[in-house]
Each structure stands twice: as structure tokens, then as C-alpha cells.
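This report concerns only the one structure given below.
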Amino acid sequence: MKDFNTVWATRGDWFNSDGQEQSIKDYLRLADQLVWKRQLSYCVAAILALFYIDPIVILAFYSAVALIELLDMALARKHLGWDGEDPVVGGKILKRITINTGLSAITISAFIVGTAVQQTSSGHLTPSFLLLCASIFAAMYNSQMIGILLLRLSIYGLAFLFIAFLDVFRYFPPLNSPIWLEFFTIIFVLYFICDISAKFYLSYQERLEQIQLIKQENERAKAALEVKSQFLATVSHELRTPLTSIMGSLDLVNSGVLGEVPEKLKHVIGIAAKNGHRLANLIDDLLDLQKIEAGEIVFHFKPLNANELVDEAVESTTGYAGKLGIQVTTIHCEEDCRFLGDRSRLIQVMNNLLSNALKFSHERGTVRVRVEALGTRIRISVHDEGVGIPKDAKDRVFGKFSQVDSSDVRKVGGTGLGLNISKQIVERHNGTIDYVSELGVGSTFSIEFDRMTD
Ligand code: ADP
């Protein structure tokens, strides 16, 4: 025979539904949040009743209700982190919630009915009001699970009916007696409770459906993003491989190893090689971006000397700077300027900053690179006297595929990805990247890292 938990867990397939898991989680969360609020109301009700009812009886009922509340709290705390995966655990939780609800509703009803029985005159206003409060509380806070709500409300409903019939059976009054008026009032209140419970339950279900929709949309968006990333990675790879061989062949032709290249052909091959390099840069950037976003790039952090890093980067751009007739000067850090970083990735960042500074500079301008220690930080800045960047363009400067000037007016090439990649690399080093710039005067891009202290 299946044990009780498994039967609960496998009733229908409701445990496979996100909505039911969510209902249990919401119930547990609220049970935990509201435990002290409920304790306070019981405590106030008990103190009030102390003046009119036997203190021993009050104490007994209050202790029983408080104990059940604590059991509910313990259950909620134990399972707050439940991932909703295991249906057997779900069954266990539901069983405990059902038992606690039954016990709590019976104890509260018994106490209220007991109060009503002791009252022999002037109606049952207090017990009826207490029951009304308990029912509204249940409607408001137990609306996550219809079964649990119905269980609690049925017990309260029986208590209500008991109180309604109590004086009718006690006195068999004539129909114009206030006892019948109280009876019909209680029946009306019962209808009212059913109505508001249904409203709370339906609005909770609506909210649940909306959450499910948002979750599904989120899953769909994630899946689409995953497909897009894979597509991008595959296409970039497939483009990179033949491009490498095309570039190799062009270089071979250009070098003259295959024979003298006619003057007319040299120009055309030059254009092909230039555009080939642009395409290769774009593909490399795309591959880098995709890898960084997918978290596939492994950073190898080692102690680096900022002066050496800068020298290496400046050295590698000497050819490009020379071609543009731009002088690059470096001011080194005088102190110990070591920090933890991935050398090749940071060279990539420095190359990006330097090549931007060079390509946006005016002919025969100057680019100044500076390494300095600022307390616990190291700053590397690249300053140019070039075209500058307009105000409020930060999003475009660090955005993906975005460039500050529109492509039809720009004179220099680029993908609009370099600074976005650089930002992600710097941030993976717990560093920052920023710039100050004035249109027509120049720009200073700087990156900062934590200095090594030992
Ligand atoms: P790109 O490949 O277009 O250079 P980046 O991401 O490196 O892409 O730069 C984004 C944009 O930021 C550039 O297109 C340019 O408009 C602007 N920018 C970057 N560095 C400078 C600079 N030193 N001076 C002026 N504008 C710059």
C-alpha cells in the first residue's frame, strides 16, 4: 500500500504544476511573516476574555493555539527554501499544513463556541465577532490553497452555525424574537465570508497566472538569447576560418614570394587586405563579446607591473602611431604599481584605448599615457588632443555596436564593440573605466584597479 505522503504527493499531477508549488511557497512565507501578528491578536483576545471567563480555561486554549502557531512557524522556517522539485517533500508539507490548519481552526472554534455557551443573555456578539475576524483573516491570508482555506472556513462555518442555532434550540423563540434576528444576521455574515473568500482566492489565482506568464516569457527570452549566442558563435567561427586563409593568401601575394605583383594589382590587393583586416577585427570582437557574455573566458590573474603593461601596449601600437605621425609619450608610476590582472586581456584593453586615442587624434598630435598611484588604487590614463566626445554620450561610447558619430560622417573605421568589451574585462578585474572629454579639445580615458599591498 502506498504510504500517506506518496498518496498526497501523487494525487493527480498537481505537484508538477508550478502554480501549486508557488501556492505552498507563498503559504509558508506568509505563515512565517504573520506568526507574531497572529500571536498578538490571540494574546489580546485572551487578555480580554480573562476578565469574563475562567482564567484556567483561557490559559489552556491560548497555550494550545500558540503551540499550533509555533508548529506552523517551525514548518515554514524548515521549508522556506524548498525548491518545489521533490513531490514527496511537497506532500509532507501539505499534510503538515492540513493537520495544523485543522487543529488551529478546531481550537479557535472550540474556544469561541465555549464562550458562546457560557453566555446566557444578551446575544452572542463577542463570539460572533471573534469568528468573523478569524474568518476574514483566513480569507485574506489562506487564499493560496483552496483546500486549506475551505477546511478552515468549514470549521469556522460549523462554529458559526452552532452559535446561530444555540439560542434557537435553547429557547425555541417566536419568529419576531431578536434571537431569530441574530440567527439570520449570522447566516448573512456566513454568506459575506464566502463571498470575500472567493474574491481573495480568485485575485490570488489571477496573480499566480500573471507570475506564470512572466516566468514563461522569461524562459522564452532566455532560450532565444541562448540560440542567438550559439548562432553568433558558430557564424563567427565559420567566417573566421576561411578569412584567415584569404588573408594569408593576400599577404603571400603582397610579399612578392609568388612573383612580382603588377602595380595596377597592388592597389586592389591593398584594398582587399585592408577590408579583410576590418572584417577579421569585427569577427574577433564578436567572438570575444560572445565568450565574455557566456562567461566562457577564463581570466588568469597574476601580479602585473602597470608600467611594464603600458610599455608593452605602447610598443605594439608604435607602427600605427608612426603611420599617423602621432607621438606617444609615457609617464611612469614612481611607486610600487603592481596589481592583479590578466596580462593578455589588459593588453587588449590598452590597445583599444590607444588605438581609439590615435585614430580620433588630429594628424601630428600627441597621445599621453600616464600610470599613477592614487592611494590604494592604480590609474592608467590615455589622453589625446583629438576630436573629443560630446556630452551625454556615455551610453553610446560604452554600448554595443554604438559609435558617437554616425557612420556616414565618420572618417575612421571601427566596430563600436571595443569599449564595451574593455568595460566588461575591466569590471571582471573589479576595476573601473571612465573618461572625461571636451568636444574639439580631446579626451582622457582611464582605467583603475586595486593596488597590490604586500
Ligand atoms: P570603435 O571600434 O568604433 O572605435 P569603441 O567601442 O572602441 O568602438 O568606441 C566607441 C565610440 O566611442 C567610438 O566609435 C567613438 O565614437 C567614441 N570614442 C572612443 N574613444 C574615443 C576618443 N579617444 N576620442 C573620441 N571618440 C572616442
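Numbers for residues simply follow the sequence, beginning at 1. Note that the structure is predicted; figures quoted are calculated from it, not measured. The figures here come from the full heavy-atom set of this structure, side chains too, leaving out hydrogens, waters and symmetry mates. In listed order, ligands and their atoms are each counted from 1.
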Quick one: look at Ile389 and ligand 1, take heavy-atom pairs under 4.0 Å, and tell me if it's side chain, backbone, both or neither.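 Side chain only; the backbone of Ile389 stays clear of ligand 1.
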Residue part near ligand 1, for Tyr435, under 4.0 Å between non-hydrogen atoms: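 Near ligand 1, Tyr435 shows nothing, with every heavy atom at 4.0 Å or more.
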For Asp336, side chain to side chain donor-acceptor pair (under 3.5 Å) partners two or more places apart: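 Only Arg338 meet the side chain to side chain donor-acceptor pair (under 3.5 Å) criterion with Asp336.
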Would you list the pairs meeting disulfide bond (SG atoms under 2.5 Å apart) in which at least one residue belongs to residues 270-349, sequence neighbours left out?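 Every pair satisfying disulfide bond (SG atoms under 2.5 Å apart) with a residue in residues 270-349: Cys333-Cys337.
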Would you find a donor on one side and an acceptor on the other, under 3.5 Å apart, between the side chain of Arg152 and the backbone of Ala138?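 Not confirmed, Arg152 side chain does not pair with Ala138 backbone.
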So if I count the atoms of ligand 1 from 1 in the order they appear, which ones are less than 4.0 Å from some heavy atom of [X]?
X	result
Phe445	19 (C), 20 (N), 21 (C), 22 (C), 23 (N)
Asn352	7 (O)
Leu417	6 (O), 8 (O)
Lys359	1 (P), 2 (O), 4 (O)

Is the Tyr156 to Phe160 ring centre distance short of 6.0 Å?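 That pair fails the under 6.0 Å test.
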Would the Phe299 and His429 ring centres measure less than 6.0 Å apart?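 Ring-ring flag for Phe299/His429: true, centres closer than 6.0 Å.
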Under 4.0 Å, counting heavy atoms only: does [X] come that close to any atom of ligand 1?
X	value
Arg396	no
Gly386	no
Phe398	no

Nitrogen or oxygen of Val387 less than 3.5 angstrom from that of ligand 1: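 In this structure, Val387 places no N or O atom under 3.5 Å from an N or O of ligand 1.
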Between Asn356 and ligand 1, does any nitrogen or oxygen pair lie at a separation below 3.5 Å?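 Right, the criterion is met.
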We want to know whether Ser381 and Ser446 form a side-chain donor-acceptor pair, criterion being a heavy-atom distance below 3.5 angstrom.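 Short answer, no.
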Side chain to side chain donor-acceptor pair (under 3.5 Å) evaluation trace for Ser197 with Asp195: CA-CA 5 Å; Ser197 304; Asp195 194 42; over 6 Å; no
